[in-house]
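Beneath this line is the structure, given in structure tokens, with notes to follow.
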Amino acid sequence: MIELKNVCKSFILGGEEIKALDNVNLSVKKGEFVSVIGPSGSGKSTLMNILGLLDVVDKGEYVLDNVVIKDAKDNTLSEIRNKKIGFIFQNFNLLPKLNALENVQVPLMYRGLKNDESKKIARKYLEKVGLGAREKHLPNQLSGGQQQRVAIARAIAGNPEIILADEPTGALDSKTSNELMELFENLNQEGQTIILITHDINVAKRAKRIVRIADGKLYEGEVV
Amino acid sequence: MGKTISIFKEALKNIISNKLRSSLTMLGLIIGIMSVILLVGIGNGATTNVTSSVKSLGTGTLTVSINGESDTTIQYEQIDDFKKITNIESVAPYKNVSGTISKDTTTSRNSSVLATVPEYINILNLKLEAGRLLSNIDIENSSKICMIGNSLTDTLFEDSKIKDIVGQSISIEGDKYTVVGVLTKVGSSMGTNIDNTIIIPFTTAKYLKSDMSINNLYVKVSDENNIEATKSLIENYLERNLQISSDYYSVTSQDSMLDTMSDIRTTLSLLLGGIAGISLIVGGIGVMNVMLVSVTERTKEIGIRKSLGAKRRDILVQFLVESLILCILGGTIGVGFGIGVGTILQIFGFSFNITSTVILISFCSSAVIGLVFGIFPAYKAAKLNPIEALRTE
Ligand SMILES: Nc1ncnc2c1ncn2[C@@H]1O[C@H](COP(=O)(O)OP(=O)(O)OP(=O)(O)O)[C@@H](O)[C@H]1O
Ligand SMILES: [Mg+2]
């Protein structure tokens with residue numbers, strides 16, 4: 001369902017070219033739970049940005065759900081993002097002025113759903129992540145783990161093809177992050193495709209498949 | 001539609017959560033719109049006033065004035081000859097003479113003395129409140145009598161009743177003048193405030209160091225339809241018979257005065273509207289500034305929204321709606337304040353005249369300002385790169 005073929009991405013910084021992704025090949029099938037592990041600066045976030053259509057490749061090809069993503073317009077990318085991608089970020093990235101329920105509604109709203117429709121769906125997913133009783137809470141009235149649950153509800157509410165999580169447990173203690181990983185495992189058991197980026201090997205091991213990244217190069221498996 | 005509701009809800013939320021900033025931004029617009037309403041209203045009121053006083057002259061009246069620097073003017077004795085011009089019904093020469101007016105120990109400083117003939121009263125449509133009008137006999141005898149404007153009854157005869165004033169005397173330059181009549185209140189008209197004027201017989205002016213030359217006169221024509229022809233005849237007469245060069249006199253009809261008035265009115269409205277417009281633009285720049293700050297502050301939010309599938313248009317509309325709400329709210333308050341202050345001015349005697357068109361225009365211009373000055377910040381927000389936006393804190 002996801003195909004990266006010979007993907008390169010580099011940045012020019014101070015006249016020097018940094019190869020953030022160097023000839024990367026990756027194929028992820030529907031229903032897979034893949035974790036990407038690598039040290040800081042290895043290109044993990046760059047990979048996630050490309051997979052999540054926030055950025056485009058310099059060279060190579062990205063096929064998402066049988067569609068080649070190339071030279072697409074900003075608005076087209078937004079539309080695909082809205083329908084097929086669910087993002088989960090390290091620092092949750094909830095909208096601070098919206099309550100939990102409204103935050104989950106946002107992607108549904110951009111899809112054009114009516115308010116009561118999106119409310120119904122959002123409520124369902126908030127309950128699914130165990131926050132049914134907190135829908136009126138603002139992000140700063142929730143704990144980190146709860147905020148990340150809201151973010152997960154927001155990511156899965158639109159029924160995306162794939163969930164991209166960049167260090168979702170990075171800001172949480174081990175107990176909370178354990179609970180979150182259980183949530184991810186449950187979602188995956190229901191058939192949700194997940195790509196999880198982390199530099200914590202214990203987190204990475206919870207996935208069915210581990211991919212390693214170092215200096216922009218991708219390797220299959222836990223160790224070389 | 002869920003999107004529309006949430007866009008308005010969030011715009012309001014943002015405006016309310018930054019109360020101080022929003023109200024200061026709106027203040028610029030409030031002042032701008034208020035000054036539009038006030039300046040245009042006062043300008044309108046003033047010109048309406050003058051126009052109505054021009055109209056009070058009645059149709060069929062010509063105003064003749066001869067510049068004081070001219071070597072020759074009409075002498076009082078020549079008036080009878082002047083009257084023979086075809087289509088002239090009556091002629092009212094008048095002149096302002098200087099003189100200190102007092103009554104016992106009271107001196108009136110801002111009143112003026114006008115020397116004229118009975119026809120003047122007719123042409124200007126002045127009415128008596130008590131006593132009698134100026135008569136031709138007063139003119140023949142150069143009597144030391146006077147008629148006084150309504151406000152002078154208070155200034156000079158503090159406690160007396162109006163009917164008791166008739167028959168009393170006042171002093172002009174130390175000479176005694178008997179008050180024969182009191183005029184009704186008329187308000188200011190044609191640059192002279194009749195209410196504050198003392199009218200004496202034209203020929204009496206000679207006692208007040210004034211000669212009998214005439215520089216100003218009103219002419220009433222018999223047939224209004226031939227007023228332009230009469231105007232030419234008068235101009236001919238002034239040039240041929242009296243040798244007054246055309247640079248030194250003017251003969252104006254009420255129509256041409258009204259034309260001039262409407263020119264002045266347009267210019268005044270444009271001028272005042274322009275000044276107010278500038279203050280509106282300043283207000284608009286304030287809105288733009290605040291919206292730009294808001295975009296910078298909310299860069300992260302924009303990044304999050306884009307990652308969740310917001311298109312450029314969604315972001316654009318969101319910021320545009322916010323600046324629109326700010327401006328329309330400011331505009332509405334401004335219109336309210338403008339009308340309020342205008343009404344208070346009216347109570348204090350200023351003339352203030354505002355039409356619904358002006359209100360509508362100011363209202364719309366506040367919306368236009370919201371759009372014009374909101375579009376750049378909104379566009380800037382819409383085209384932010386999502387990755388960079390997400391990376392900001
Ligand atoms: N916008 C950019 N401009 C210049 N260089 C960049 C940019 N984004 C990423 N890089 C560089 O690309 C490389 C990969 O960065 P990336 O953010 O993908 O690393 P990462 O694996 O996510 O690291 P971390 O674990 O610290 O988040 C780094 O060397 C980084 O400096
Ligand atoms: Mg990273």
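Atom set for the values below is all heavy atoms of this structure, side chains included, hydrogens, waters and symmetry mates excluded. Sequence lines set the chain letters: A, B, ... in the order given, protein chains first and strands last, and positions in each chain run from 1.
- Heavy atoms of other residues, nucleotides or ligands lying less than 6.0 angstrom from NZ of B:K13 number more than 12.
- Considering only heavy-atom pairs separated by less than 4.5 Å from chain B, the leading option among A:L108, A:I85, A:L98 is A:L98.
- When each of B:N14, B:I387, B:D314, B:N385 is scored by its heavy-atom pairs under 4.5 Å with chain A, the top score falls to B:I387.
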Could you go step by step and tell me if B:R21 and B:T25 meet the side chain to side chain donor-acceptor pair (under 3.5 Å) rule?
CA-CA 6 Å; B:R21 186 203 285 178; B:T25 314; over 6 Å; no
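- Both the backbone and the side chain of A:N75 come within contact range of chain B, judged by heavy atoms closer than 4.5 Å.
- Each of A:I80, A:V106, A:N82 has some count of heavy-atom pairs under 4.5 Å with chain B, and the biggest count is that of A:N82.
- Atoms CG and OG, from A:D74 and A:S78 in turn, are 5.5 Å apart once rounded to the nearest 0.5 Å.
- Of all the listed residues (A:L53, A:D55, A:T76), the one sharing the greatest number of non-hydrogen pairs under 4.5 Å with chain B is A:D55.
- Contact annotation for A:R154: only side-chain heavy atoms (C-beta onward) come within less than 4.5 Å of a heavy atom of chain B.
- Chosen from B:K306, B:R298, B:K9, B:R313, the residue pairing most often with chain A at heavy-atom distances under 4.5 Å is B:K306.
- Heavy atoms closer than 4.5 Å to chain A are found nowhere in B:K383, neither backbone nor side chain.
- A:K84 has no carboxylate O lying under 4.0 Å from a charged side-chain N of A:E79, or vice versa, which leaves the two without a salt bridge.
- With rounding to the nearest 0.5 angstrom, the NZ atom of A:K97 is 12.5 Å from the CD atom of A:E102.
- Within the 4.5 angstrom heavy-atom criterion, no atom of A:D116 approaches chain B.
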Check the pair B:F348, B:F350 against ring-ring contact (aromatic ring centres under 6.0 Å, His included), reporting the backbone distance first and the verdict last.
CA-CA 6 Å; B:F348 284 102; B:F350 282 85; 8.3 Å; no
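- Of the inter-residue distances, the one linking A:S35 atom OG with A:F184 atom CZ reads 11.5 Å to the nearest 0.5 angstrom.
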